Amino acid sequence: MKYTGQYWIMIAPFMKRLLTKQYGRKAAKEYIRKAKPIYRQMLVKAEDIGAKNPMAHNVYMSFVFMAVWKAADGAITPDDMRDMTRELLQMKIVRKVMGSGLDVNKPGDMDRLNGKFHKCAEWAEEHPEYRKKTWDFHFDDTLHESGIYYHFTRCPLNDYARAYGYLEILPVMCELDHLLAGMYHARLYREQTLADGGTICDYWFVGDQEPEQM
């Protein structure tokens with residue numbers, strides 16, 4: 001993958017703050033120092049899915065967390081990282097930067113979110129050199145009466161984690177999908193992920209003002 005420091009610059013300072021609270025200033029400084037070159041190395045090793053791929057942000061963002069976890073050499077448990085990622089994505093400034101302004105409970109916003117996902121799929125179709133390397137969208141509008149449903153059978157993060165020893169932390173990255181759904185005022189329902197040994201990663205988004213579906 002082509003290196004960019006954008007995501008590191010955006011996320012690392014908040015991670016350092018959370019690490020300091022959890023492990024102390026000295027450890028936090030050391031983990032961040034070690035993580036930065038690991039982040040670069042991870043991108044060098046990763047399959048190139050296209051820097052302009054609208055799904056590329058998933059790799060760039062997740063690799064920051066994964067690099068910090070790796071740099072701590074076992075000191076950060078997956079549960080600890082889970083708590084920190086949840087706290088980070090609940091920060092007001094982070095939500096402001098990453099939020100889309102969508103509220104899928106409002107008329108039209110669910111369609112706009114659906115259009116956003118379809119544009120990601122269309123990008124892959126328009127760039128055959130990356131089509132078999134990036135996420136493969138499979139939409140099904142008939143499976144549920146409400147919301148949006150699609151699934152993947154291929155995930156570059158899953159492929160990387162299995163190849164380079166990050167499978168232990170990968171489920172935490174998958175759980176970010178639930179937190180990001182919250183930024184759209186949506187709930188995400190899923191039955192399986194590739195990270196947990198499933199055959200697909202399934203996504204069913206509904207508005208968070210709708211009755212619980214499961």
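Everything numeric in this text was worked out from a predicted model, so none of it was measured.
Residues meeting the ring pair (Phe, Tyr, Trp, His ring centres under 6.0 Å) test with H138, sequence neighbours left out: H151. For F117, the ring pair (Phe, Tyr, Trp, His ring centres under 6.0 Å) partners are Y150, F205, not counting sequence neighbours. In this view, Q22 and D80 satisfy the side-chain contact (heavy atoms from CB on, under 4.5 Å) rule, not counting sequence neighbours.
Using a 4.5 Å heavy-atom cutoff, the side chains of I200 and E191 are not in contact. Using a 4.5 Å heavy-atom threshold, the side chains of R112 and K116 count as separate. R86 has its side chain within reach of E175: a pair of non-hydrogen atoms, C-beta onward, lies under 4.5 Å apart. Residues P156 and E47 fail the side-chain proximity criterion, which asks for heavy atoms closer than 4.5 Å. At least one side-chain heavy atom of V59 sits under 4.5 Å from a side-chain heavy atom of L43.
Listed by first and then second residue, the side-chain hydrogen bond (donor to acceptor under 3.5 Å, both in side chains) pairs that reach into residues 3-20 come to none, sequence neighbours excluded.
Between the side chain of H57 and the backbone N or O of P54 there is at least one donor-acceptor pair closer than 3.5 Å. Looking only at distances, no side-chain donor or acceptor of D48 sits under 3.5 Å from a matching main-chain atom of M1. Judged by distance alone, with hydrogens and angles left aside, the side-chain atoms of D109 form no donor-acceptor pair with the main-chain N or O of L102 at under 3.5 Å. The closest donor-acceptor contact from the side chain of D208 to the backbone of R187 lies at 3.5 Å or more, if one exists at all. Remark: side-chain polar atoms of D103 are paired, donor with acceptor, to backbone N or O of N105 under 3.5 angstrom.
Across all their heavy atoms, W135 and C155 have their closest contact at NE1-SG, 3.3 Å. Of all heavy-atom pairs spanning G147 and W204, the tightest one is CA-NE1, 4.4 Å. Nearest heavy atom pair, residue A71 against residue A35, reads CB-N, 3.6 Å. For A12 against I32, the heavy-atom pair with the smallest separation is O-CD1, 4.0 Å. In terms of heavy atoms, C174 sits closest to R190 at O-NH1, 3.1 Å. Minimum heavy-atom separation, V104 to G207: CG2-CA, 3.6 Å.
In this structure, the separation between CZ on F14 and CG on L88 is 7.0 Å, given to the nearest 0.5 Å. The line from OH of Y23 to OH of Y31 is 7.0 Å long, rounded to the nearest 0.5 Å. A distance of 15.5 Å separates NZ of K26 from CG of L19, quoted to the nearest 0.5 Å. The OG1 atom of T199 lies 4.0 Å from the CD atom of Q192; values are rounded to the nearest 0.5 Å. To the nearest 0.5 Å, atoms NZ (K70) and CD1 (I76) are separated by 12.5 Å. Distance CE/M84 to CG/L18: 7.0 Å, rounded to 0.5 Å.
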If you apply the rule ring-ring contact (aromatic ring centres under 6.0 Å, His included), what do you find for F63 with F65, and how did you get there? CA-CA 5 Å; F63 273 15; F65 299 120; over 10 Å; no
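Side-chain contact of D79 with T77: a donor-acceptor pair under 3.5 Å is absent, judged by distance alone. Side-chain N/O atoms of D177 and Y203 include a donor and acceptor closer than 3.5 Å.
Under a hydrophobic-cluster definition in which Ile, Leu, Val, Met, Phe, Trp and Tyr are linked whenever side-chain heavy atoms come within less than 4.5 Å, directly or via other members, I9 and L89 are assigned to different clusters. When hydrophobic clusters are built by joining Ile, Leu, Val, Met, Phe, Trp and Tyr residues whose side-chain heavy atoms come closer than 4.5 Å, directly or via intermediates, M61 is not grouped with V44.
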Only distances under 3.5 Å count here; give the side-chain donor-acceptor pairs of residues 161-173 to other protein atoms, sequence neighbours excluded, each with its distance to 0.1 Å.
{"residue": "R162", "atom": "NE", "partner": "N158", "partner atom": "OD1", "Å": "2.9"}
{"residue": "R162", "atom": "NH2", "partner": "L194", "partner atom": "O", "Å": "2.8"}

Atom pairs and distances, side-chain donor-acceptor, residues 123-134, under 3.5 Å, sequence neighbours left out:
{"residue": "H127", "atom": "ND1", "partner": "W123", "partner atom": "O", "Å": "2.8"}
{"residue": "R131", "atom": "NH2", "partner": "E125", "partner atom": "O", "Å": "2.8"}
{"residue": "T134", "atom": "OG1", "partner": "N53", "partner atom": "ND2", "Å": "3.0"}

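With respect to E30 and R33, a salt bridge is recorded, a charged nitrogen being found less than 4.0 Å from a carboxylate O.
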